[in-house]
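Data first, discussion second: the structure below is written as structure tokens.
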Amino acid sequence: MQAINHAATALILKRKFPSAPLFGLILATEAVEYLWVGLNVIGIEKTIIDDDMRSVADVHLVHMPFSHSVLTSALIAVLAGLAIFWRGGKAASAVAVAISLGIFSHVVLDLLVHAPDIALAPYFNGKYGTGLYSNLPLPALALESLWGLFCWWIYRGSWKLLGLITALGFASVPLYSAAINVGESILGGQSTVFAIVILVQMIATSSLVWLFARERQEPAPMGNPISA
Ligand SMILES: [Zn+2]
């Protein structure tokens with residue numbers, strides 16, 4: 001799932017856990033992807049991109065047992081939650097739960113759209129994913145964009161934020177369509193460059209979501225302060 005729709009998950013969490021910092025929640029939803037970038041750049045995890053790349057169906061996440069297994073994601077989520085609880089005590093328990101949910105949401109959402117490339121645990125046999133990215137990339141984009149819009153709706157986000165989610169969805173059509181190409185073929189065979197592109201996309205998207213999510217369609221109720 002692409003950065004904008006992972007980051008949108010932070011909006012629902014912010015709605016349910018108002019004391020949690022929005023930027024922290026956005027970072028949490030992308031935490032395992034940052035790990036994936038790092039592990040790909042140093043060669044511990046591996047991505048193969050077809051030389052004639054035309055869409056996400058040509059990106060093969062062949063080895064990502066640490067960043068994207070269900071077990072490691074759950075472990076990272078629990079450890080992050082425990083660290084927040086340890087530092088902040090009972091007062092920080094809602095923040096700890098929200099951050100843990102944000103981290104674990106990533107692998108759950110990836111399972112909804114990925115080719116079967118997500119293991120239950122490192123080096124376990126069997127990999128999972130609905131296969132939409134490899135078989136039906138454009139419906140996958142529609143599905144994940146609907147998730148982004150649903151999160152915006154629950155959050156009662158600003159019109160600017162709606163524009164951002166919609167615009168980034170349309171902007172990524174060439175990456176999800178084998179028929180429409182705007183130069184993504186230059187990424188063919190370039191797995192490290194691809195990982196860095198994803199990193200830049202995550203940082204830019206996270207910053208914009210944070211900026212635009214600070215406005216809402218309605219003020220926060222009294223006694224329920226919103227911390228950004
Ligand atoms: Zn991912």
Side-chain angles (χ1 to χ4, degrees), residues 1-13 24-49 53 55-80 99-122 124 126-137 139-148 151 165 168-169 172 175-176 184 187 190-206 209:
M1 185 170 281
Q2 63 170 329
I4 181 65
N5 299 315
H6 279 299
T9 310
L11 302 174
I12 288 190
L13 291 167
L25 291 172
I26 294 171
L27 287 179
T29 63
E30 298 280 27
V32 306
E33 208 91 301
Y34 286 109
L35 182 62
W36 174 86
V37 169
L39 292 176
N40 268 266
V41 168
I42 63 177
I44 290 177
E45 295 194 342
K46 190 170 165 63
T47 302
I48 293 176
I49 302 177
M53 177 183 169
S55 76
V56 287
D58 303 314
V59 176
H60 309 288
L61 303 162
V62 290
H63 188 66
M64 48 177 192
F66 305 111
S67 66
H68 278 70
S69 87
V70 176
L71 181 72
T72 53
S73 296
L75 271 177
I76 295 166
V78 168
L79 288 175
I99 294 289
S100 293
L101 287 174
I103 293 172
F104 192 65
S105 73
H106 188 101
V107 79
V108 174
L109 291 170
D110 275 358
L111 280 165
L112 284 179
V113 289
H114 270 216
D117 50 30
I118 296 173
L120 290 179
F124 260 45
K127 289 185 178 174
Y128 301 91
T130 58
L132 285 177
Y133 272 8
S134 44
N135 298 315
L136 296 164
L141 176 61
L143 179 70
E144 66 173 81
S145 298
L146 278 177
W147 170 250
C151 295
I165 295 170
L168 290 180
S172 55
L175 189 61
Y176 286 72
E184 61 267 36
L187 292 170
Q190 302 289 333
S191 58
T192 303
V193 175
F194 179 75
I196 290 167
V197 168
I198 296 291
L199 175 67
V200 171
Q201 183 199 33
M202 281 194 291
I203 293 170
T205 304
S206 299
V209 169

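Both counts, for ligands and for their atoms, begin at 1 and track the order of listing. The first residue of the sequence shown is numbered 1, and numbering continues consecutively from there.
- Going from atom CG of Asn40 over to atom OG1 of Thr192 covers 7.5 Å, rounded to the nearest 0.5 Å.
- Looking only at N/O/S atoms, Glu33 comes nearest to the Zn ion (ligand 1) through OE1.
- Note on His6: not counted as a metal contact of the Zn ion (ligand 1), no N/O/S atom lying under 2.8 Å.
- Of the possible polar contacts, none joining the Asn5 side chain to the Gln2 backbone as a donor-acceptor pair under 3.5 Å is found.
- Between the Zn ion (ligand 1) and His114 there is no N/O/S contact shorter than 2.8 Å.
- The atom name of the N/O/S atom in Asp110 closest to the Zn ion (ligand 1) is OD2.
- The one candidate from His63, Glu33, Glu45, Lys127 that meets the side chain to side chain donor-acceptor pair (under 3.5 Å) condition with His68 is Glu33.
- Between Val41 and the options Val37, Ile44, Leu39, a side-chain contact (heavy atoms from CB on, under 4.5 Å) holds for only Val37.
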